[in-house]
Chemist: 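First, the structure itself, so that you have it in front of you.
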Amino acid sequence: MRGLQDSLTLSLSSLSNSTTPPPPISPRFYNWLFECHGFWHNVALIVPNLLFICYLSFQAKKSFSKLTNGRSYVIIAYYACLWLVSLLNMFWCCFQAWECTPGKELVWNLLSLFTTSGMLFLEVSLVAFLFQGNYVSGLEALTKTFVVSGLVIGLDLLLKAIYLFGFGIPLFIDSNDHTHPVKWNLWVVHRLVLTAVYGFILFMYHSKWRERLPARPAFYNYIAVMFSLNALALFACALTGSGASFGFWLYGGTIVCYHALYLPLLYVTFLADFFQEEDLHLENVYYSEMKDAGFFDADWE
């Protein structure tokens, strides 16, 4: 009789275990989606980048045809770099959980190092293109621009690698420590340099040296946006280094805006007209914008 009761108890317990519903979401997926920076942080990063890559993919056939017909070395090289950096940035956005995962510090630092260096390379090379006119197409100009940009990014990457792996400064890990004084002092210097560069270009647009820069309003708007973003990030780094929690929150917001919106902004500023406008119409647009900017006023004096 006792054996019958034991077998009945085991049968009931096994039946209850078999009818227990499976967990609705795996712990790994839950941690990736909700932990570390949170759900909305991941959404704000991933969705804009995913939409931008889908747009590039949808326009790829038309863009490739335009590139082969136009034969602009600068546009071809810049379009290829944009694709590469967009995929790298998308990978960075999708693996935010690595920042908070023990044992993933090395791979996260390497991913962040190459992603930020790639985006900074686009920034530096575009600034170099600004000083050469609207659309330079010579191979010599492309080589000169990319060599200068490569040297700048190489130096920046080397310094960051020394700070990361030589001195152990957590440049790209912000989730657990936001009061590291040396780290935030380095970011203050980094942002100060970028703010000074963009501020100097804005000054040139309002000085007698404006003829050295393209007269297109899109380029001016791009410089104004980047100056504002870097100035805000500089302010946030200074606040965070002094221990203010609001500065850490503000800095996180500037990082999200940069990684989510910079590549689409760059495409709209530098590449969109080349792919979407007819050559004759494009020349008329540039002529009208230059005329509105006052570049031909001297011809009437």
Chemist: Within a strict 4.5 Å, meaning less than it, do heavy atoms of the Tyr262 and Met226 side chains meet?
Modeler: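 A side-chain contact under 4.5 Å exists here.
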
Chemist: Any donor and acceptor pair, going by atom type alone, linking the side chain of Trp108 with main-chain N or O of Phe95 inside 3.5 Å?
Modeler: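 No; judged by distance alone, with no hydrogens or angles, the pair does not exist.
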
Chemist: Do Asn221 side-chain atoms and Pro217 backbone N/O form a donor-acceptor pair below 3.5 Å?
Modeler: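 Confirmed, Asn221 side chain pairs with Pro217 backbone.
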
Chemist: Within a strict 4.5 Å, meaning less than it, do heavy atoms of the Ile169 and Leu164 side chains meet?
Modeler: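 Ile169 does not reach Leu164 side chain to side chain.
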
Chemist: Would you check if the side chain of Ser65 reaches a backbone N or O of Lys61 as a donor-acceptor pair within less than 3.5 Å?
Modeler: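 No: the side chain of Ser65 does not pair with the backbone of Lys61.
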
Chemist: Does the ring center of Phe121 lie less than 6.0 Å from the ring center of Phe146?
Modeler: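 Yes, the ring centres sit under 6.0 Å apart.
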
Chemist: Would you please classify the geometry between the Tyr163 ring and the Phe167 ring as parallel, tilted or perpendicular, with 30° and 60° separating the classes?
Modeler: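 Answer is tilted, since the angle falls between 30° and 60°.
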
Chemist: Tell me if a side-chain donor or acceptor on Thr145 pairs with a main-chain N or O of Ser125 at a distance below 3.5 Å.
Modeler: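 Such a contact is absent between Thr145 side chain and Ser125 backbone.
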
Chemist: Is the number of heavy atoms from other residues, nucleotides or ligands under 6.0 Å of Tyr205 OH greater than 12?
Modeler: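 Atom OH in Tyr205 is packed in, count exceeds 12.
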
Chemist: Indicate yes or no: at least one non-hydrogen side-chain atom of Leu88 is less than 4.5 angstrom from one of Leu111.
Modeler: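 Yes - at least one pair of side-chain heavy atoms lies under 4.5 Å apart.
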
Chemist: Do Tyr222 and Phe270 have ring centres separated by under 6.0 Å?
Modeler: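 Aromatic pair excluded; centres sit 6.0 Å or further apart.
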
Chemist: Report yes if the side chains of Thr254 and Phe235 come closer than 4.5 Å at any heavy-atom pair, otherwise no.
Modeler: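 Result no, sub-4.5 Å side-chain heavy-atom pair not found.
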
Chemist: I'd like to check Tyr78 versus Leu126 (side-chain heavy atoms, cut-off strictly below 4.5 Å). Are they in contact?
Modeler: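 In short, these two side chains touch, coming nearer than 4.5 Å.
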
Chemist: Treating Lys104 as the side-chain partner and Ala97 as the backbone partner, does any N or O pair qualify as donor plus acceptor under 3.5 Å?
Modeler: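 Not confirmed, Lys104 side chain does not pair with Ala97 backbone.
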
Chemist: Check whether Glu105 reaches the backbone of Gly103 with its side chain - one donor and one acceptor, N or O, closer than 3.5 Å.
Modeler: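 Looks like yes, one N/O pair under 3.5 Å.
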
Chemist: So with a 6.0 Å cut-off around CZ of Phe165, is the heavy-atom count from everything else above 12?
Modeler: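 For Phe165, atom CZ is crowded (more than 12 foreign heavy atoms under 6.0 Å).
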
Chemist: Kindly assign one of parallel, tilted or perpendicular to the pair Trp92 and His259, based on the angle between their ring planes and the thresholds 30° and 60°.
Modeler: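 Judged by the thresholds at 30° and 60°, the geometry between Trp92 and His259 is parallel.
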
